[in-house]
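Read through the structure below, which is laid out as structure tokens, and then see the notes.
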Number of protein chains: 2
Amino acid sequence: MARRHNDPARTREQILAKATDEFARLGFEGGRVDRIAARCNLSKNMLYYYFHSKEKLFVAVLERMYERMRDQQRDLAVRTSDPAVALEQLIRYTFNAFRDDPTIIRLMNEENKHKGKYLKKSQRVRDLYGPLLETLTFVIERGCKDGVFRPNLDPVTIYLMFCALCYHYLSNQFTLEIALGRDMSSESAQQRWVDQIVEVMSLHCLAGSPSLRKIA
Amino acid sequence: MARRHNDPARTREQILAKATDEFARLGFEGGRVDRIAARCNLSKNMLYYYFHSKEKLFVAVLERMYERMRDQQRDLAVRTSDPAVALEQLIRYTFNAFRDDPTIIRLMNEENKHKGKYLKKSQRVRDLYGPLLETLTFVIERGCKDGVFRPNLDPVTIYLMFCALCYHYLSNQFTLEIALGRDMSSESAQQRWVDQIVEVMSLHCLAGSPSLRKIA
DNA sequence: AGTCGTCTTGACTAGTTAGTCAATAAACGG
DNA sequence: CCGTTTATTGACTAACTAGTCAAGACGACT
């Protein structure tokens, strides 16, 4: 099966893939359209033919990243009926997703550097963070009803918490490794960290833990 | 007191200040030496006279940021003898430090984007994260000895946890606000978030909470 | 085979950007 | 008050960078 000379869908996907890599590694300003074209073995004009400008290419890269995240989340099936086990699965899934595709973290950081400027320019942005948050909401509702979790847990808050604990560790790996002189990148160090996240989040969600509100 | 025409120390500081702003907002690649010079009302040559290259200027900016962090941490005095209250103070201090100087987060993200490349080029990098981590270590040791905290708490792990919870919320404010449709930037939303951090970290550190290790 | 619309390219440009050079002006030491 | 060191500048450049243009090649349909 020799590759066709003219294969627009394939060409478009290839540009998007190489652009994702380029922008994730070097940011929007650091990314070079010439380099993306060269890595695709295409003339630079193709980027402009399909995406019209560097900025619109970057927006397309962001859109595709969110789509990819959502699609992968859709494949995640939490089959257990134990809310505590389900929570643990969701946390481990989140960490693995960030670890296995580093472009997610780098592109999100880039977008936040620009205060959401490019994401706002995207039409189909609404309802990001779909499936995982829906599952978490379902898990927490059941956990609260069953009395396994403490009452009045907010799913978005819980999500933000373990998301922060997964994200920051991976995003700031390099400076933390230098500043703290601690191994952050080995498989075992990361495994230990996820275990810690599961422990602290479980403790926070499970019933039987005293509320500390009165202390403040 | 009219400003002297030749005031090298002042000039150098001004360049560093404007460069910090420029690189934090636009990153290393996005930052423009001409713009930094223009904002200082200086000719561009001054940047090269004092810092030799864009890269060395960026390294100087990073070094100065870490120094500033350390100096501010040194001013922080935790006077209480109650470890739980001390922990809360350290957490609130950390959040406020990140919130009040957004350049810290942006520069750290930039440095991690480059996998620590520039920080490694700095000579005087060792023993970053000084005073606050030392205080935390002291607080945790006392808390464990007094039986207020559970035994065998690792200070660096605790620091990484609340640091992640403070950092991620502020760093990813914009994308999260778009994706979740939730207010992240108002004073009250941020206050509620810090309260949550204090709650979850206190629960994790205080004795009397059951260890969950056996579950896994 | 010829025509049309889609896909692809080489060659070009106008503007920008990090970095340089030679000259000048202020402080300073004797 | 003169020579030297330290600060500061205007003018320049070589390389790069996003974006353009006109023309060519491929496939499909008649």
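Since this is a predicted model, take the numbers as computed values, not measurements.
Side-chain N/O atoms of Ser122(A) and Glu63(A) include a donor and acceptor closer than 3.5 Å. In the model, Asp21(A) has no side-chain atom that pairs as donor or acceptor with a side-chain atom of Thr103(A) under 3.5 Å.
Evaluation of the side chain to side chain contact (heavy atoms under 4.5 Å, CB included) rule for Asp183(A) yields Glu177(A), Ser185(A), Ser186(A), Ala189(A) as partners, not counting sequence neighbours. Considering only residues two or more places apart in sequence or on other chains, Arg35(A) meets the side chain to side chain contact (heavy atoms under 4.5 Å, CB included) condition with Glu22(A), Leu26(A), Arg32(A), Arg39(A). The side chain to side chain contact (heavy atoms under 4.5 Å, CB included) search around Cys166(B) returns Thr94(B), Phe95(B), Phe98(B), Ile197(B), not counting sequence neighbours.
Sorted by first then second residue, the ring pair (Phe, Tyr, Trp, His ring centres under 6.0 Å) pairs that include residues 169-188 of chain B, not counting sequence neighbours, are Tyr169(B)-Trp193(B).
At dT8(D), none of the side-chain N or O atoms of Tyr49(B) fall inside 4.0 Å of OP1 or OP2 (strictly under the cut-off). Under 4.0 angstrom from either OP1 or OP2 of dT8(D) there lies at least one side-chain N or O belonging to Tyr50(B).
Near DNA chain C, meaning a heavy atom under 4.0 Å from it, residues 21-39 of chain B has Gly31(B), Arg32(B), Val33(B), Asp34(B) in order of number. The stretch residues 53-62 of chain B touches DNA chain C through Ser53(B), Lys54(B), each having a heavy atom under 4.0 angstrom from the strand.
Here the side chain of Ser43(A) is nearest to one of dT9(C), dC7(C), dA7(D), namely dT9(C).
Using a 4.0 Å cut-off between charged nitrogen and carboxylate oxygen, Arg70(A) and Asp75(A) do not count as a salt-bridge pair.
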